[in-house]
Each structure stands twice: as structure tokens, then as C-alpha cells.
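Note sheet for the following structure.
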2 protein chains.
Amino acid sequence: MREKVTRQAILQISEKIVNQEGYEALTLARVAKALEIKTPSLYNHISSLNDLRKALALHALKQLYHEIMTAAVGKSGEEALKAIGFAYIHLMKDNPGLYSATLSALDPQDTEINQMSSDTIAIILRVLEPYHLSEEKAIHFVRGLRALSYGFSTLERQGGFNIDVPLNESISIAFDIFIKGMIATLKK
Amino acid sequence: MREKVTRQAILQISEKIVNQEGYEALTLARVAKALEIKTPSLYNHISSLNDLRKALALHALKQLYHEIMTAAVGKSGEEALKAIGFAYIHLMKDNPGLYSATLSALDPQDTEINQMSSDTIAIILRVLEPYHLSEEKAIHFVRGLRALSYGFSTLERQGGFNIDVPLNESISIAFDIFIKGMIATLKK
DNA sequence: TTACAAAACTAATGATATTAGTTATAATGC
DNA sequence: GCATTATAACTAATATCATTAGTTTTGTAA
């Protein structure tokens, strides 16, 4: 007896497939098989494979938003910023398929995806508020944090580094230095 | 009259295709058409599409090595490190297809690719030598620089940011802060 | 219970990668 | 120059995809 097939169910099984079998394994044939239906039946719920990919990317960004929000709640300042960075990196590490999905969100015009990105960045901006940065300074700050988060996620995925020096330590050091450094440039 | 078909020629046309038409456009059919031969003839030079992808990734890493080497020559210390970061980011910006190729180099076991990565990292290590860092410190330093380079490349590709605040400015600030910060932790 | 909408299905088409087997081309040895 | 051989092209075939069209089934609402 199979589950009811809905757009949500398709997204759920897609997430499982990309995380367990890699992003390239996401085919309509694979999804249909998992749902025990024939491939064309999927078109009752999605409009194309690209549509599914975009939906999956959006799904990933929503999870990201939630994780980051959760990580930042109850914290402030440097602690909050670092926690946000770690939340991003760890989510991407634990869900490699979602990582790929967000990266291959090719269409930079998609409204929903842009909205979700903006919402997530807004969390960081709220944490930065007490510092009363100029808009320009805030932009540089946010970009640096994003670059570190993206970059360490990529690094984590590539792997192949000395296990004796844990990556988390490198992440911690890099965020500390960047955050403290950025804040220091304000006090002068 | 068509060019002589060699593995090199295939790589060259592949590079052109991914940079101009996107990484997903790299198909054997597309390459064959560009070389004015039939698809199966490609198998005289490559063993599979995956083989081609891997070769392209290696090709990209070689260019990267060369660019980084060129950027660092004649410079030292902070200046050299920053130049290396910019060289990476700009190469990836100007060759988006190569960027994708290096990212989708899935196989972390590939000897040649690992060798090339190591060689490139060795350049950074050589620049760091005069600082007489502990091995651990040096590892954290290199990882941070790599994360910033990867991260800003991703950011650059995603685009969608305020053009009034140039990304290069953000990159410059982030590298300055990280590099100076790392060096400062040694003097204490 | 009938009418309609939603969601499944089959069948077909067109890309694509890949393999097997064949022919043409180029290089090499005499 | 010619025969041999290796290289690289080709055609033909198969399997896997996404996608569309048209049909049937299923479920819901009137």
C-alpha cells in the first residue's frame, strides 16, 4: 500500500534521494519508482524535472532559514553570528543533496528563491543591528559571513584533509577572526 | 576542413562549451557536433562522459595553479596571499564553466586531481613559510583562505547583490581582515 | 447514482550515453 | 611504392531518460 502522492511527498522522497544517492541521482524515473507510480504520473504534480529541482532548492532554503533562525535565537552579537555560520555549514554537511540543490538553483530570477534568500540574510542583518553599521559596512559584513559559510561547506564536501586538525576548529577560528576584525574596524 | 581531433582538442572545445553554454550543456553529442564527428567517435579519445568531466576538472585545476602562481610571483606576505585569493575568484568568475567543473569533481579519490590540489595549496604554504607557523596554525590559515576564495566565487556566481557596493571591495576587506587577524594571533 | 475533476495509466517521440561491429584512413615496415 | 597494421572514423543497436498526447481509472461532489 503506497503513500498518497502529493507535491509534498515528491519533495520529501526527492530530498531523501539526493541526500542518500547524490544530486545526479534525482531523476523522474527514480522518484516515480520510489513512489510506486509511472513516470508520467508525476506530471500531475510537477511541471518538469527542472520544476522539481527548483522546488527542492526552495525547500532547502526554507530548512536553512529555519535552522539559522533556531541557531540565532537567544544569542546576540558575535556568538549569534558564529552560531549562524555553524548552523549553515552543519546543515549542508548533514544534507549534501540539499547543498547541491541550492548550488544548482541556476535561475537567479526566481522570485520565491530570492525572497527566501533575502529573509535569511535579514536574520543576519537583525543580529548586526545593535552595532549601528552603515549600510555599506553591513553589506561587507554579511558578504564575508556568507562567503565563509559557503566556502567551508565546499571545503567540507571536498574533504581530503588532515583529520588530526578538525575542520570545526578552522571554522571557529576563521569566524572569530573575521567577526572580531569587522567589529574592530568600527570602534576606530 | 576540420581540426584534428585529439584529447586536447576535445578538452578545449569542452571548456568553451561549459563557459559559454553552462556545465549542463556539456554532452557528448554537443562536443561531437562541434568537432564535426559522430558521437561514438569520441570514444577513441575518451572513455566516457564522466572521464571527460574529470579531465575538464583537472584542466581547470591546472589553469588555477598557473594563475595562482603567476599572481603570487614577485609578491610576499599579505600582498601575495590576497593576490592569490583574487586570482582564484577572478578566474572562476571569468570561466564559470570551469568553476562548475571543479565543483562537480565528485571523485575525491582521483590521484591526479588530488595532486594538483596539493600543488596549488603548496604555493600558499610557501608564502606562509616566513611566518614560521606551527603546522596546525598553517592548516587553519590555508583553510580560511580557501573558504574565502570558494565562498566569494559562489557569491559572485549567485549574483543578485547591490551593484553600488562592489563585490571586489567586500573581497578585499574580508581577506585583509582574515590575513591580518591570523598574523596578529602569532605575535601575541 | 450520476457527473466531473483529479490522477493514474499506456503509447509514442526525441535526446542522450554507450557498446559492438565495420569501414576508412594514416602510419609503418619492407 | 606496396602491404600490413594500428588508429580513428563510421553505422546500427540498446537502454535510460524527459516529455507529450490520449485514455482509463478513481474519487468526490452534486
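Here is how names work: the chains are called A, B, and so on, in the same order as the sequence lines, proteins then strands, and each is numbered from 1.
To the nearest angstrom, P of dG14(C) lies 15 Å from NZ of K33(B). Computed from coordinates, the L28(B) CG to dT16(C) C1' distance equals 9 Å when rounded to whole Å. One atom, CZ of R7(A), and another, C1' of dA6(C), lie 16 Å apart when rounded to the nearest Å. The separation between L42(B) atom CG and dA9(D) atom P is 8 Å, rounded to whole Å. One atom, CD1 of I10(B), and another, P of dT7(D), lie 16 Å apart when rounded to the nearest Å. The separation between L49(A) atom CG and dT16(D) atom P is 18 Å, rounded to whole Å. Here the P atom of nucleotide dT16(C) and the CD atom of E24(A) are 19 Å apart, to the nearest Å. As a whole-Å value, the separation of R53(B) CZ from dT18(C) C1' is 14 Å.
Contact check, S41(A) against dA7(C): no side-chain N or O comes under 4.0 Å of OP1 or OP2. For H45(A) and dA6(C), the shortest distance from a side-chain N or O to OP1 or OP2 is not below 4.0 Å. Applying the 4.0 Å criterion to OP1 and OP2 of dT18(C), one finds that Y43(B) has a side-chain N or O inside that range.
Here the side chain of T27(B) is nearest to one of dA18(D), dT18(C), dT16(C), namely dT16(C). Checking dC10(D), dT19(D), dA9(D) against every side-chain atom of V5(B), the shortest atom distance belongs to dA9(D). Set against dA17(C), dC9(C), dT19(D), the side chain of K38(A) has dC9(C) as its closest nucleotide. For I37(A), the side-chain atoms get nearest to dC9(C) when compared with the rest of dT18(C), dT19(D), dC9(C).
Judged by distance alone with a 3.5 Å cut-off, no donor-acceptor contact links the side chain of N44(A) to the base of dA6(C).
Counting only N and O atoms by type, the side chains of Y99(A) and T154(A) include a donor and acceptor under 3.5 Å apart.
At a threshold of 4.5 Å between non-hydrogen side-chain atoms, the residues T111(A) and N114(A) do not count as touching.
Atom NZ of K33(B) is surrounded by 12 or fewer heavy atoms from other residues, nucleotides or ligands within 6.0 Å.
Across all their heavy atoms, I89(B) and L148(B) have their closest contact at CD1-O, 4.4 Å.
In this structure H90(A) satisfies the ring-ring contact (aromatic ring centres under 6.0 Å, His included) test together with F86(A), sequence neighbours excluded.
Contacts of S48(B) with the nucleic acid, taken as non-hydrogen atoms under 4.0 Å apart, involve only primed sugar atoms and P, OP1 or OP2.
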